[in-house]
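Here the structure is a predicted model, which means the values were calculated and not measured. Below, each value reflects all heavy atoms present in this structure, side chains not excepted, and no hydrogens, waters or symmetry copies.
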Amino acid sequence: MGHLDHATFGWLTPVLSYAMASIGAALGLCCTVRALDATGRSRRNWLITAASAIGTGIWTMHFVAMLGFGVTGTEIHYNVLLTFVSLLVAMAVVGAGVFAVGYGRDRGRALALGGLTTGLGVASMHYLGMAALYLHGDVRYDPVLVGLSVVIAVVAATVALWAGLNIKSPLAVVAASLVMGGAVTSMHYTGMLAVSVRVTPSEVALPGATTMQFIFPVAVGLGSYLFLTSAFVALSPTKGEREASVSAQRPVDGVAS
């Protein structure tokens with residue numbers, strides 16, 4: 001068995017992965033709140049932004065954490081195509097969840113369906129990302145821990161969508177995003193605890209790209225996207241702010257002639 005190290009850079013990658021998950025969750029919750037106050041095309045656009053933010057945050061969290069993953073006796077490379085597929089899966093299933101909540105008439109049913117769909121999608125993204133690994137050996141999983149990681153993903157997704165429906169204040173959004181970030185990160189490391197590797201020493205070059213060739217620059221790029229989108233959302237006026245601005249511009253009765 002190869003020795004697995006989940007934090008080859010110490011606490012750096014776990015802390016950064018948690019930060020990415022929390023930022024994505026906060027941005028997604030803010031966009032969901034904006035969507036529920038909007039109608040028509042505006043609601044759709046806010047929900048798309050929410051899905052891309054949460055999906056990107058989850059994917060970036062996973063692969064930032066994987067920067068610190070190592071196995072003694074073998075290098076680790078990544079299948080580029082399958083890694084990008086895992087990103088698309090994350091965005092698509094999160095999109096299905098937020099749209100179910102955003103347009104569902106029965107909020108309870110929409111929340112249950114959206115939470116289940118999104119949670120299973122998050123778990124699928126994680127294990128697709130793991131399937132993209134190339135190494136000299138065989139990867140095996142503890143089914144009990146895999147099942148637990150899926151349960152954590154579904155619960156975390158349901159709580160996040162519930163927060164999007166019920167939480168309005170900025171401080172509450174921050175608190176909910178920190179909880180969501182912790183839950184998603186816990187799901188990742190629970191899934192990683194399920195992993196064992198039987199190393200088969202070999203001199204044959206592994207296919208795919210190394211972590212620094214591929215994962216690092218993509219993670220940096222998506223992290224930049226999250227920060228820039230956060231700035232855009234922060235600078236976009238809310239429905240209440242727009243209404244207050246319109247009211248302030250109306251002439252007061254008896255003043256304007």
Exam field: side chain T56 to backbone A53, donor-acceptor pair closer than 3.5 Å: no
Hey, does the side chain of R43 reach the backbone of L36 with a donor-acceptor pair shorter than 3.5 angstrom? yes
List, by chain and then residue number, the residues other than V144 in its hydrophobic cluster (Ile/Leu/Val/Met/Phe/Trp/Tyr, side-chain heavy atoms under 4.5 Å); write none if there are no others.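 Direct or chained contacts put V144 with none.
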Under the 4.5 Å side-chain heavy-atom rule for ILVMFWY, direct or indirect, which residues accompany Y18?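 In the cluster with Y18 are V174, L178.
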With sequence neighbours left out, write down each residue that passes side-chain hydrogen bond (donor to acceptor under 3.5 Å, both in side chains) with T117, or none if nothing qualifies. none
Determine all donor-acceptor pairs shorter than 3.5 Å in which one atom belongs to a side chain in residues 200-207; sequence neighbours excluded.
{"unit_1": "S202", "atom_1": "OG", "unit_2": "V204", "atom_2": "N", "d": "3.1"}

Just how far is it from atom [atom1] of [X] to atom [atom2] of [Y], taken to the nearest 0.5 Å?
{"X": "S22", "Y": "L226", "atom1": "OG", "atom2": "CG", "answer": "11.5 Å"}
{"X": "T211", "Y": "Y78", "atom1": "OG1", "atom2": "OH", "answer": "4.5 Å"}
{"X": "L161", "Y": "I54", "atom1": "CG", "atom2": "CD1", "answer": "6.5 Å"}

Taking side-chain contact (heavy atoms from CB on, under 4.5 Å) as the definition, give me every residue that meets it alongside [X], ordered by chain and number, with sequence neighbours left out.
{"X": "A110", "answer": "none"}
{"X": "A50", "answer": "C31, T32"}
{"X": "R44", "answer": "R41, I48, F99, Y103"}
{"X": "S42", "answer": "A38, W46"}

Report, one line per pair, each donor and acceptor closer than 3.5 Å where one atom sits in a side chain of residues 146-159; sequence neighbours left out.
{"unit_1": "S149", "atom_1": "OG", "unit_2": "Y127", "atom_2": "OH", "d": "2.8"}
{"unit_1": "S149", "atom_1": "OG", "unit_2": "V146", "atom_2": "O", "d": "2.6"}
{"unit_1": "T158", "atom_1": "OG1", "unit_2": "V154", "atom_2": "O", "d": "2.8"}

Below 3.5 Å, can you tabulate the donor-acceptor pairs from side chains in residues 83-98 to any protein atom, sequence neighbours excluded?
{"unit_1": "T83", "atom_1": "OG1", "unit_2": "N79", "atom_2": "O", "d": "2.7"}
{"unit_1": "S86", "atom_1": "OG", "unit_2": "W59", "atom_2": "NE1", "d": "2.9"}
{"unit_1": "S86", "atom_1": "OG", "unit_2": "T83", "atom_2": "O", "d": "2.5"}

Is there a path of hydrophobic side-chain contacts, each under 4.5 Å between heavy atoms, that joins [X] and [Y]?
{"X": "V101", "Y": "L116", "value": "no"}
{"X": "V33", "Y": "L47", "value": "no"}
{"X": "L171", "Y": "I23", "value": "no"}

List the atom pairs, donor and acceptor, that lie under 3.5 Å between side-chain atoms in residues 63-71 and the rest of the protein, sequence neighbours left out.
none

With a 4.5 Å limit on heavy-atom distance, are the side chains of E75 and L135 in contact? no
Y134 side chain reached by I76 side chain, heavy atoms, under 4.5 Å: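 When only atoms from C-beta onward are counted, Y134 and I76 do not touch, as no gap falls below 4.5 Å.
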Which residue pairs pass the ring pair (Phe, Tyr, Trp, His ring centres under 6.0 Å) test when at least one of the two sits in residues 154-201, sequence neighbours left out?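 Matches after skipping sequence neighbours: H62-H188, H126-H188.
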